[in-house]
Structures are given as C-alpha cells and as structure tokens.
Amino acid sequence: MQSNNPRIGDKVAGCLIFLSVFHINFSAGSTGKGSQSQDDMHVIHNNQLDLREIVFVIQSQSNSFHVRQAERRRADLLQQAHGLTEKPPVVLLLHTLSDHDGDWSILPLLPNLSYSFGENSSWIVFLEEETNVKMTKLVQVLAKFDKNKEWFLGKPLHDEESTIIHHYAFAEKPSIFKYPDFVAAWAVSTSLVVRLADKVRNEPLKSDFTIDLKHEVALYIWDNGNGPHLTAVPELCTEPEGSPQTGHCATTLSTEPPLCGEPVNKEDIFVAVKTCRKFHSERVPVIKKTWEKDAFFLEYYSDHADPSIPTIYLGVPNTERGHCGKTFAILQRFLSSSVPDTKWLLVVDDDTLISLSRLQVLLSCYNPSEPVCLGERYGYGLSQGGYSYITGGGGMVFSREAVVQLLNSGCKCYSNDAPDDMVLGMCLNALGLPVTHSPLFHQARPEDYARDFLAHQVPISFHKHWNIDPIAVFNKWLKDDLRAKASDGLNKSAKTEL
C-alpha cells in the first residue's frame, strides 16, 4: 500500500512553506476573536507541551464549498497560534495530502503521517470543518497526558442497541464500547500513530467496507483489547460555540453560518423514487402521507405501471437486489426531454424518509454547475485502491453536470441487479469525480445511531421501515411545522456538518 500511495512529505513541506507565508501576512492585521491574552501566552510558554508538537488534520473534502470551509478553519487555528508562538503548528487539509481517494478513511493515511511527523511531533489532532478550537485550552488538555505513551482521546459515543451499521458488534452489551464523536475533535499520540502505521503496512485491513468511520477507527485502535481504548476527555465538546455550558471546553461546534445563499427552489430538484409492485400498497402510501407534498417534480419508477399512484415502467424488470439497471435508466431519463430540465436529481428508495425543505437549504451551499455527488459516503477496498460511493438508502443527490459526465463516460451496469450505488462509485472514481459526504443523510433508522451523535444534527434523511412506525419517525425527526425553523437551524448549526 505504501508503494502505491505517494508520501505526503513533499506536500507537507510545501504546506509548511505556505503556512509560514500565511503567518507573516496574517500577523500584520491579527485582531478580534483570534487574539490571545497575556495570560494565555503565559500558559503556553510555561506548559510542558509546545504548540509545535501538535499536528492538526482537518478532515476536509475536495468539493469547493468544503475547501472554503476547511480553509476558514485553518485560518482560525493559525490566527490563534500567532498570539501564542512565533512559529505556527502544522495545519493540514486531509484532502490535499495525497491523490489517494481513501485518505478520508484515516487508516491508509497513518503510514504517511508516521513518516512525516513520527519523530518531531507528539500529537495528531483530527477535527472537522465545523470544529471550533480554543487553542490554549486544548494545549492544557493534551499536556495532562504523557505524550510518550499511547493515547486515543475523544468525546465518547456508544450504541444503545446493536446496530447493522456496526455489524451488530458487542451485541450482548453494545454500550460497553466507546468511539469518538469526530465533530468534537479527537487526538492520538504519535507513539500510537507510529505503531499503528507499522501494523497498516504489514497487515491487510480486515474489512473491505468502510461504513461508520469513527466506529471502525476505534475498533482498529482497540484491537480486541491489545490497544488502547478511547479515553473520554470532557473538554472535547459538541455544544454550540458561545453557549453557557462551554466554559470548560477546548472544542465546540461552530455556529457561524457558511457563506451560502437562499435555499434552492423546489422547482430545481427532480425527485426519483425507486419502487416495485409489491411495495405499491405498503411503502408508497408512507411517502404520500409524509414528504411527497414537498416535491415539485417527482416520479415513481416501478416494474409495473400503476396509474393510481402513478408509477412509470422504464423497461427494466424488478430485481431482488442491486437495482443498477433501474438507476441508470433514471439517470438517462433525467437528461431526456421526458422530464423538466432541473439542476438537481435526488434518487431515493421507497422506504427513504427525507426532509426536502432541509435538502433545499443544504443544496444552497453547492454549485450545480460543478459535478456534485452528495450523500452519506461509504467506502469499498479503500486500503487497496478501492473507491468511495454514496449509499443509496439515505438518498443520492447529483447535479446535472455530474449526471452528464457519468453518462458521457460510457460507464454502465454489468447487470441489472448490480449494486447501483457501488457501480456509480466505481464510475465516479474512474472519472476522478469526488463523492461529497454529509452526515445529515442516514442509511439506517434513528435508533441505529448514537443518541449524542444525532443530538447536534438537523438530519435530512433516514432509511428503512423495519420495526418502526415510519410516519412517527418522520414526524419526530424530519417534519418541519415551521419552514423557517428548519432553514434557521441548518444555517446556524448543522449546515456546516456536511
């Protein structure tokens, strides 16, 4: 794996030069909330941990909106560091570290991080675009731990019940295993990174699929009890920045809204629902009772034309799994004169529960003239040169440009029952088009996710009707009685959680 992926040493060196230039330019006008008090500087300079021993990795994405968000986060970190030390710490944007698509899954990146920083750093701190860091407090927190030992630090999440997204791990007592909430930031000592990097180099990763990264990273580090468990750090928080509960926090959730426009018009979104005859009377009525009314353009695609719904038969027979043939027929229809010319295509299953009003707010952050492919990101074979894909159940969103490039590439299903989301992922990977992740889309039911993880979200979708009342779930999690409330909530808190 190491030989297939370029080392990040050269890119990091370039990044350090950039940071030095940025630091010089920025220092001339450093004012406002990033400036530090003399007390803060005293704390840093008398602390056993030097700020330069910390490497920050922002878990960024290559979509233009997310690049802007990540660069704002990096600028904030450097602004704070400027008041504390003459030389800034290293702040890396994950998506720039190599050309390997699987870097977002962290584990394939460890050998490169070990090579570049294993000897001259003490901590690798990972954070997301919306993670607000109080630099002084973070240094104080990390200084409590012996940097020469193996540490895995974070805000712990746990499962209330065994869940499919975690392969029903710890089925007898799911709450016993803790894994980090990435948005609160999480940290690993470089001594742990060095050992894990050797393991990644020498032992193939056991799972082909990357589904819930934070859980899988924690499992890999824990290593059936041979490695450290997650150490809970109360100062790593997910409360909104500025709330009364954050006085002790080293990290908070940024409430500063991204520079996005007004919600996209519902006329700009074409909704395609995949169904089949056996679910016409079971699942379709749920959509009609919940979110169908919020769609301006919507069509149901089935193996049987039923004028009472109505459904459309695209000439593709139903399959028990995969549905690739049907999905590609939907992509072709989207570009045809048979349907209105819209900027966005949303493809969902007939058991997807979704808030279209929240999706309209979310899409205001994206440029439809770019090839945007948006949803909940999974991965397949990422450590062996695999690919990322949007898992279909939570909803797949494509800009018109993305659909044009997909179909013009000649990519197609190898069979009608091939897994459509994975085939699309292979196509996007071959084209070099990124899959853009948003944790607001969910492949499973609310009860399949940690309670504290959902607590700081304004979710857009959930999936599956299994053992739930889907209408009750929609009303609790996705229904917006006041549209302004949803728009305001996404703009102020969750819309950066993409």
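Just the heavy atoms: all of them, side chains too, but no hydrogens, waters or symmetry mates, feed the values below.
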Chemist: Return the OG to CZ distance between Ser254 and Arg72, rounded to the nearest 0.5 Å.
Modeler: 7.0 Å
Chemist: With a 4.5 Å cut-off on side-chain heavy atoms, are Pro459 and Arg358 touching?
Modeler: yes
Chemist: Checking Leu236 against Val141 for the side-chain contact (heavy atoms from CB on, under 4.5 Å) test, could you report, in this order, the C-alpha distance in whole Å, the side-chain angles of both residues, the deciding distance, and whether it holds?
Modeler: CA-CA 9 Å; Leu236 299 180; Val141 168; 5.6 Å; no
Chemist: Could you grab the distance from atom CG of Asn112 to atom CZ of Phe117, nearest 0.5 Å is fine?
Modeler: 10.0 Å
Chemist: Could you tell me whether Lys343 atom NZ has more than 12 heavy atoms of other residues or ligands within 6.0 Å of it?
Modeler: no
Chemist: List for me each residue that meets ring pair (Phe, Tyr, Trp, His ring centres under 6.0 Å) alongside Trp344, sequence neighbours excluded, and say none if there are none.
Modeler: none
Chemist: Taking the six-membered ring for Trp, are Tyr366 and His66 ring centroids under 6.0 Å apart?
Modeler: yes
Chemist: If you compare all heavy atoms of Val183 against all heavy atoms of Thr131, which two are closest, and at what distance to 0.1 Å?
Modeler: O-OG1, 2.8 Å
Chemist: In sequence, state the C-alpha distance, the side-chain angles, and the governing distance for Asn429 and Asp101, and then conclude on side-chain contact (heavy atoms from CB on, under 4.5 Å).
Modeler: CA-CA 8 Å; Asn429 183 64; Asp101 177 60; 4.3 Å; yes
Chemist: With disulfide (SG to SG under 2.5 Å) as the rule and sequence neighbours excluded, what pairs involving residues 118-178 come up?
Modeler: none
Chemist: Locate the shortest heavy-atom distance separating Gly395 from Leu346; write the atom from each residue and the value.
Modeler: CA-CD1, 4.3 Å
Chemist: Cut-off 3.5 Å, side chains only: do Asp448 and Thr163 have a donor facing an acceptor?
Modeler: yes
Chemist: For Thr251 and Leu127: C-alpha separation, side-chain torsions, deciding distance, then whether side-chain contact (heavy atoms from CB on, under 4.5 Å) applies.
Modeler: CA-CA 9 Å; Thr251 62; Leu127 60 150; over 6 Å; no
Chemist: Can you tell me how far the CG atom of Leu431 sits from the CD atom of Gln405, to the nearest 0.5 Å?
Modeler: 6.5 Å
Chemist: Quick check: closest heavy atoms across Thr246 and Lys134, and the distance to 0.1 Å?
Modeler: O-NZ, 3.1 Å
Chemist: Would you check if Arg74 and Leu77 make a side-chain contact, meaning some heavy-atom pair closer than 4.5 Å?
Modeler: no
Chemist: If every non-hydrogen atom of Ile58 is compared with every non-hydrogen atom of Ala70, which pair is closest and at what distance?
Modeler: CD1-O, 3.7 Å
Chemist: Judged by modelled atom types alone, do Trp186 and Gln59 share a side-chain donor-acceptor pair under 3.5 Å?
Modeler: yes
Chemist: Once you round to the nearest 0.5 Å, how far does CG of Leu454 lie from CG of Leu440?
Modeler: 10.5 Å
Chemist: With distance as the sole test, does Gln61 use its side chain to make a donor-acceptor pair with the main-chain N or O of His437 at under 3.5 Å?
Modeler: yes
Chemist: With sequence neighbours excluded, give me every side chain to side chain donor-acceptor pair (under 3.5 Å) pair touching residues 218-228.
Modeler: Lys199-Asp223
Chemist: Is it the case that His456 and Asp181 place a side-chain donor and acceptor less than 3.5 Å from each other?
Modeler: yes
Chemist: Donor-acceptor pair, distance only, cut-off 3.5 Å: does the side chain of Thr210 make one with the backbone of Leu213?
Modeler: no
Chemist: Residues two or more places apart in sequence or in another chain: which of them pass ring pair (Phe, Tyr, Trp, His ring centres under 6.0 Å) with Tyr179?
Modeler: His166, His215
Chemist: Counting neighbours of NE2 on His229 that are heavy atoms of other residues, nucleotides or ligands and sit closer than 6.0 Å, is the number greater than 12?
Modeler: no
Chemist: Any carboxylate oxygen within less than 4.0 angstrom of a Lys/Arg side-chain nitrogen, looking at Asp198 and Arg201?
Modeler: yes
Chemist: Quick check against the 3.5 Å criterion: does Arg445 have a side-chain atom that pairs as donor or acceptor with the backbone of Lys464?
Modeler: no
Chemist: Can we say Glu53 and Lys147 salt-bridge, meaning some charged N sits less than 4.0 Å from an Asp/Glu carboxylate O?
Modeler: yes
Chemist: Side chains of Asp480 and Ser357: any donor to acceptor distance under 3.5 Å?
Modeler: yes
Chemist: When you measure from the side chain of Ser162 to the backbone N and O of Pro174, does any donor-acceptor pair fall under 3.5 Å?
Modeler: no
Chemist: Please report the shortest heavy-atom distance between Cys260 and Phe65, naming the atom on each side.
Modeler: SG-CE1, 3.6 Å
Chemist: Side chains of Ser175 and His158: do they bring a donor and an acceptor to under 3.5 Å?
Modeler: no
Chemist: Quick one: ring pair (Phe, Tyr, Trp, His ring centres under 6.0 Å) partners of Phe145, sequence neighbours excluded?
Modeler: Trp151
Chemist: Flag the pair Thr231 / Leu153 as yes when at least one side-chain heavy-atom distance between them is below 4.5 Å, and no otherwise.
Modeler: yes
Chemist: With a 3.5 Å distance limit and no angle check, can you tell me whether Gln443 reaches the backbone of Gly393 through a side-chain donor-acceptor pair?
Modeler: yes
Chemist: Would Leu110 and Leu107 count as a side-chain contact (heavy atoms from CB on, under 4.5 Å) if you check the C-alpha gap in whole Å, the side-chain angles of each, and the deciding distance to 0.1 Å?
Modeler: CA-CA 5 Å; Leu110 292 179; Leu107 299 180; 3.8 Å; yes
Chemist: Compare every heavy atom of Glu216 with every heavy atom of Ile211, then report the nearest pair and how far apart it is.
Modeler: N-OE2, 2.9 Å
Chemist: Partners of Tyr380 by ring pair (Phe, Tyr, Trp, His ring centres under 6.0 Å), sequence neighbours excluded?
Modeler: Phe209, Tyr387
